[in-house]
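Data block below; observations after.
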Number of protein chains: 2
Amino acid sequence: MPRAGLTTERVIAEAERMIDDGGLRQLTLAALAGRLGVRQPSLYKHIDGLGALEHHVAIRAKAELGDVLGRAAIGRSRGDAIAAMARAYRDWARKHPGRYQAAQRAPLPGDVEDEVASHRVVSVVAAVIEPLGLHGDDAIDAIRTFRSALHGFVSLEAEGGFELPVDLERSFERLVETLTTVLRRWSPFA
Amino acid sequence: MPRAGLTTERVIAEAERMIDDGGLRQLTLAALAGRLGVRQPSLYKHIDGLGALEHHVAIRAKAELGDVLGRAAIGRSRGDAIAAMARAYRDWARKHPGRYQAAQRAPLPGDVEDEVASHRVVSVVAAVIEPLGLHGDDAIDAIRTFRSALHGFVSLEAEGGFELPVDLERSFERLVETLTTVLRRWSPFA
DNA sequence: ACCATGTGGCTATTGCTAGTAGCCATTTCG
DNA sequence: CGAAATGGCTACTAGCAATAGCCACATGGT
């Protein structure tokens with residue numbers, strides 16, 4: 001009986017591929033094992049159950065998204081950086097819908113690894129917004145607005161929540177323009 | 001053996017209560033039957049399986065959300081109507097997190113009932129935005145921006161996606177103010 | 001009042017899922 | 001080259017949705 005040569009890495013990678021074309025919901029250990037040419041219980045030698053697998057996928061997705069956002073902002077400033085980051089955010093989410101979805105679960109309190117990965121995304125956004133002169137609560141409000149608008153657009157788009165598939169590019173560019181304008185003019189709150 | 005006196009209505013209502021305090025994910029026919037004092041197969045006399053049940057819940061949630069938004073805007077105009085609608089949106093989603101989540105699935109093509117309910121939400125928003133002088137593609141972009149920002153905020157809030165639970169009220173009011181300002185000044189696109 | 005019909009429960013069963021126990025062949029390392 | 005570790009496996013349990021088919025209750029007509 002020749003060995004399949006699985007590793008934790010390969011199992012997770014296949015799970016990622018699986019959810020990116022089929023949705024998070026249809027990730028099952030049975031189907032995953034099938035894809036890897038192995039029986040379902042064999043997976044437990046590499047991952048600690050379905051929950052742990054989803055957790056790994058989530059952390060990796062958060063880390064990669066943070067990375068992508070960071071790279072998008074390099075060499076740009078202010079409005080340009082914000083727009084580039086927004087487009088990178090949407091692009092990544094569209095290329096990896098399952099992983100994006102997996103990344104939405106908040107870390108459990110005390111789960112340091114997850115907290116770090118989650119925080120990275122926020123801190124990259126914060127780093128781009130800070131040069132606009134925003135600090136403290138004003139910066140927090142601005143970051144939340146930015147994230148809300150992007151996450152909202154991306155997830156409505158992914159769910160097919162926009163009724164007409166036409167003109168999504170235009171609508172998104174419009175949203176990006178609005179965001180950059182709004183954030184550049186962000187002012188202290190009463 | 002006395003009858004339990006179930007109806008389709010009661011089954012759906014109990015499912016709604018169930019997902020509103022526990023999340024959509026933990027809606028199972030077994031648990032639902034337990035709550036209703038009945039065995040699991042008995043539910044099939046009233047609903048056509050778990051998928052159909054979720055579908056009913058989704059349609060009712062969309063209809064009710066559309067209703068709530070419509071009522072919020074009555075007697076107000078322009079910025080006031082937009083702000084009131086935004087607050088009503090968030091309030092309803094917070095009061096009914098499971099139903100809000102259920103309402104996010106887009107209708108399958110040809111599912112007229114679902115399409116009507118889905119469209120109602122969009123058309124209420126459209127009705128409030130139109131008096132600002134927006135038509136055609138500009139109105140579509142504006143509606144999408146509005147929905148994106150609200151849905152994004154609400155779902156990030158529900159998932160615990162904002163790191164600090166403090167100041168959410170302030171951040172939301174800020175978002176609402178920003179939205180009303182942006183929409184009032186919405187201009188034709190190049 | 002009573003019988004006939006329809007219906008809302010039920011038990012029993014199937015098939016799919018996650019997860020556990022424990023075996024054994026292959027690999028790896030002293 | 002032998003011993004230990006390891007990565008597959010089969011066999012099993014338990015929970016889930018769903019179907020088949022039974023039977024008691026409720027209802028309505030004569």
Side-chain angles (χ1 to χ4, degrees), chain A residues 1-61 98-99 101-102 104-105 108 111 114, chain B residues 1-61 98-99 101-102 104-105 108 111 114:
Chain A
M1 209 175 285
R3 298 205 171 171
L6 288 192
T7 60
T8 301
E9 166 62 30
R10 281 194 56 205
V11 171
I12 295 176
E14 191 63 39
E16 288 172 341
R17 244 170 276 140
M18 203 169 161
I19 64 180
D20 274 343
D21 53 52
L24 184 57
R25 208 170 166 168
Q26 73 168 49
L27 174 62
T28 70
L29 292 184
L32 179 58
R35 277 180 172 234
L36 291 165
V38 121
R39 302 293 185 149
Q40 182 251 22
S42 305
L43 297 178
Y44 285 82
K45 298 289 182 176
H46 305 282
I47 45 119
D48 196 20
L50 181 61
L53 175 60
E54 288 171 347
H55 187 230
H56 277 114
V57 170
I59 289 176
R60 281 170 52 135
R99 299 175 65 187
Q101 203 184 339
Q104 297 312 316
R105 274 202 272 273
L108 295 176
D111 183 339
D114 198 347
Chain B
M1 212 173 285
R3 296 207 174 172
L6 287 193
T7 61
T8 300
E9 166 62 30
R10 282 194 56 206
V11 171
I12 296 175
E14 190 63 39
E16 288 172 341
R17 246 169 273 138
M18 203 170 160
I19 64 181
D20 274 341
D21 53 53
L24 184 56
R25 208 170 166 169
Q26 75 167 50
L27 174 62
T28 70
L29 292 184
L32 178 58
R35 277 179 171 233
L36 291 165
V38 121
R39 301 294 184 146
Q40 183 250 19
S42 306
L43 298 178
Y44 284 81
K45 298 289 180 176
H46 306 282
I47 46 119
D48 197 20
L50 182 60
L53 175 59
E54 288 172 347
H55 187 229
H56 277 114
V57 170
I59 290 176
R60 282 169 52 133
R99 300 174 66 189
Q101 202 183 339
Q104 296 313 315
R105 273 201 272 272
L108 295 177
D111 183 339
D114 199 346

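Scope of the values below: all heavy atoms of this structure, side chains included, with no hydrogens, waters or symmetry mates. What you are looking at is a predicted structure, and each value in this text was computed from that prediction instead of being measured.
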Would you compute the distance between atom CZ of B/R99 and atom CD of B/Q104 and round it to the nearest 0.5 angstrom?
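One finds 13.0 Å between CZ of B/R99 and CD of B/Q104.
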
Rounded to whole Å, how long is the line connecting atom CZ of A/R10 with atom C1' of D/dG8?
13 Å

Under 4.0 Å: is that the gap between some side-chain N or O of [X] and OP1 or OP2 of [N]?
| X | N | answer |
| --- | --- | --- |
| B/Q40 | D/dA17 | yes |
| B/R39 | C/dT11 | yes |
| A/S42 | D/dG7 | no |

Which residues in residues 13-30 of chain B have a heavy atom closer than 4.0 Å to any atom of DNA chain C?
none

Where along residues 43-55 of chain A does a heavy atom come under 4.0 Å from DNA chain C, residue by residue in number order?
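Those residues are A/Y44, A/G49, A/L50.
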
Is there any protein nitrogen or oxygen under 3.5 Å from a nitrogen or oxygen in nucleotides 5-7 of chain C, and what are the pairs?
unit_1, atom_1, unit_2, atom_2, d
C/dT7, O2, B/R3, NH2, 2.9

Can you name the nearest heavy-atom pair linking A/R10 to A/G5, along with the distance?
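So the minimum-distance heavy-atom pair works out to NH1-O, 3.4 Å.
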
side-chain contact (heavy atoms from CB on, under 4.5 Å) between B/V11 and B/L36, worked out
CA-CA 8 Å; B/V11 171; B/L36 291 165; 4.1 Å; yes

Side-chain donor-acceptor pairs of residues 22-30 of chain B under 3.5 Å, sequence neighbours excluded:
unit_1, atom_1, unit_2, atom_2, d
B/T28, OG1, B/A31, N, 3.0

Under the rule for salt bridge (Lys or Arg N to Asp or Glu O under 4.0 Å), what residues qualify as partners of [X], not counting sequence neighbours?
| X | value |
| --- | --- |
| A/R60 | A/E9, A/E16 |
| B/D20 | none |
| B/R35 | B/E14, B/D21 |

Report, one line per pair, each donor and acceptor closer than 3.5 Å where one atom sits in a side chain of residues 52-59 of chain B; sequence neighbours left out.
unit_1, atom_1, unit_2, atom_2, d
B/E54, OE1, B/R105, NH2, 3.3
B/H55, NE2, B/D111, OD2, 2.6
B/H56, ND1, B/A52, O, 3.1

Angle by which the axis turns from one end of the helix from C/dA1-D/dT30 to C/dG30-D/dC1 to the other, five pairs per end, to 10 degrees
10°

From the list C/dT11, D/dC9, D/dA17, which nucleotide is the closest neighbour of the side chain of B/P41?
C/dT11

Only distances under 3.5 Å count here; give the side-chain donor-acceptor pairs of residues 43-51 of chain A to other protein atoms, sequence neighbours excluded, each with its distance to 0.1 Å.
none

